[in-house]
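Start at 1 and go down the list; that is how both ligands and their atoms are numbered. Because the structure is a prediction, the values reported are computed rather than measured.
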Amino acid sequence: MNYQKIFSNIYSNLKNESDTGQVADYIPELSYVNPNQFGVHLATIDKQGFAFGDAEKRFSIQSIGKVFSFVMAYARVKSDIWKRMDLEPAGTPFNSLVQLEYDQGIPRNPFINAGAIVVCDILISELQSPKEEILSFIHSLSENNDIQYNPQVANSEKQTGFRNYALVNLMKSFGNIKNDIESVMNLYFDICSIEMSCRELSETFLFLANHGVVPHSGERILSPSRTKRTNALMQTCGFYDEAGQFAYKVGLPGKSGVGGGIVAILPERYAIAVWSPRLNRKGNSHKGMLFLEEFTTQTKLSIF
Ligand code: GLU
């Protein structure tokens, strides 16, 4: 399939779209990004790559990083992870406190902030040097050793992360955080601050399209069954309280972040990453979502 041609066709229609989205500015460092950038990259499991626009430009992956930390925790503690969090869509914003109080400190799923914070707590208990090991995990998945945390972004979020601190304190009060709050939050903010390009993200997510095995190295990251389950979680919980819309319009499992990135996979075929910093009201990339909707429509490829 000529993905390249499809990309430019879709983009030429999309660029006339009056973009109503807004760049995330509740984390001050994120507000400095040029909002008009747009990139996309598709990597296939048989090692082809198709790029368009700012596909090589690194951006703040934010909540997309929650997939890496979840996979690391899930591969280690296996189904015990479900003693600490649930696996249901939230139906509330990503940083909501209301549901958490109601559910007695058990987050609805690993991809909302509260769930990802518990995942960080688990990784601190399980790993010797979580911050270094998470980065080396990403390095080995991407075969790229210069992917890094951005300390300015992490620090900016730490200064303004009052809701995230409220979430962690609430969970600590229910006994669902075992380690000290500062270490858990430092790790959480570091993971959100990782910077990657669309190409790097799409290549890194390929193992989820390949039954848990990294195509270039043959390394198994997750069992086929846990890969299927991770993909199911991305489909149902990967897009804040817009996961239903994303399934309906795009029809691929994936994860978005408030940096404007979205990664999605088609099992046994490809991983695609798109980046456009302006977000819709639910926190998903406005143009990114429109692009992917048109992409799965034109290619007639989705999981449905
Ligand atoms: N670091 C962001 C936060 O905790 C992540 C939000 C996101 O990308 O969903 O608010």
remark   = Within 4.0 Å of some non-hydrogen atom of N164, the atoms of ligand 1 are 3 (C), 4 (O), 10 (O)
message = Using 30° and 60° as the class boundaries, would you call the ring planes of F207 and F137 parallel, tilted or perpendicular?
response = perpendicular
inquiry  = Between K300 and T297 (side chain of the first, backbone of the second, donor and acceptor by atom type, cut-off under 3.5 Å), is there such a pair?
reply    = no
key: Aromatic plane relationship, F295 with F7 - under 30° parallel, 30 to 60° tilted, over 60° perpendicular   = tilted
request  = For side chain to side chain contact (heavy atoms under 4.5 Å, CB included), just list the numbers for F246 and I262, CA-CA rounded to whole Å, side-chain angles, deciding distance to a tenth of an Å, and then say yes or no.
outcome  = CA-CA 11 Å; F246 195 84; I262 302 179; 4.1 Å; yes
ask   = G257 heavy atoms, cut-off 4.0 Å: which ligand 1 atoms fall inside?
value = 8 (O)
task = Please report which non-hydrogen protein atom sits nearest to atom 3 (C) of ligand 1, along with the residue it belongs to and the distance in Å to one decimal place.
result = E157 OE2, 2.9 Å
key: Interfacing atoms of ligand 1 (cut-off 4.0 Å, heavy-atom, C192)   = 1 (N)
request  = Around atom 10 (O) of ligand 1, find the nearest protein heavy atom and jot down its residue, atom name and distance.
outcome  = Y26 OH, 2.6 Å
request  = Could you tell me which atoms of ligand 1, counted from 1 in the order shown, lie closer than 4.0 angstrom to a heavy atom of S63?
outcome  = 5 (C), 6 (C), 7 (C), 8 (O), 9 (O)
key: Under 4.0 Å to a heavy atom of Y188 - the qualifying atoms of ligand 1, by number   = 3 (C), 4 (O), 5 (C)
key: Heavy-atom pair with the smallest gap, counting every atom of K158 and N186   = NZ-OD1, 2.7 Å
inquiry  = Side chain, backbone, both or neither: which applies to N113 and ligand 1 if a contact is any heavy-atom pair less than 4.0 Å apart?
reply    = side chain
remark   = Note: ligand 1 atoms sitting under 4.0 Å from heavy atoms of Y240 are 7 (C), 8 (O), 9 (O)
Any N or O of V258 closer than 3.5 Å to N or O of ligand 1 = yes
ask   = Quick one: is the NZ or CZ of K287 closer than 6.0 Å to the six-membered ring centre of F38, and within 45° of its axis?
value = no
inquiry  = Can you list everything that forms a side chain to side chain contact (heavy atoms under 4.5 Å, CB included) with P253? Sequence neighbours excluded, please.
reply    = N231, M234, Q235, I265, I303
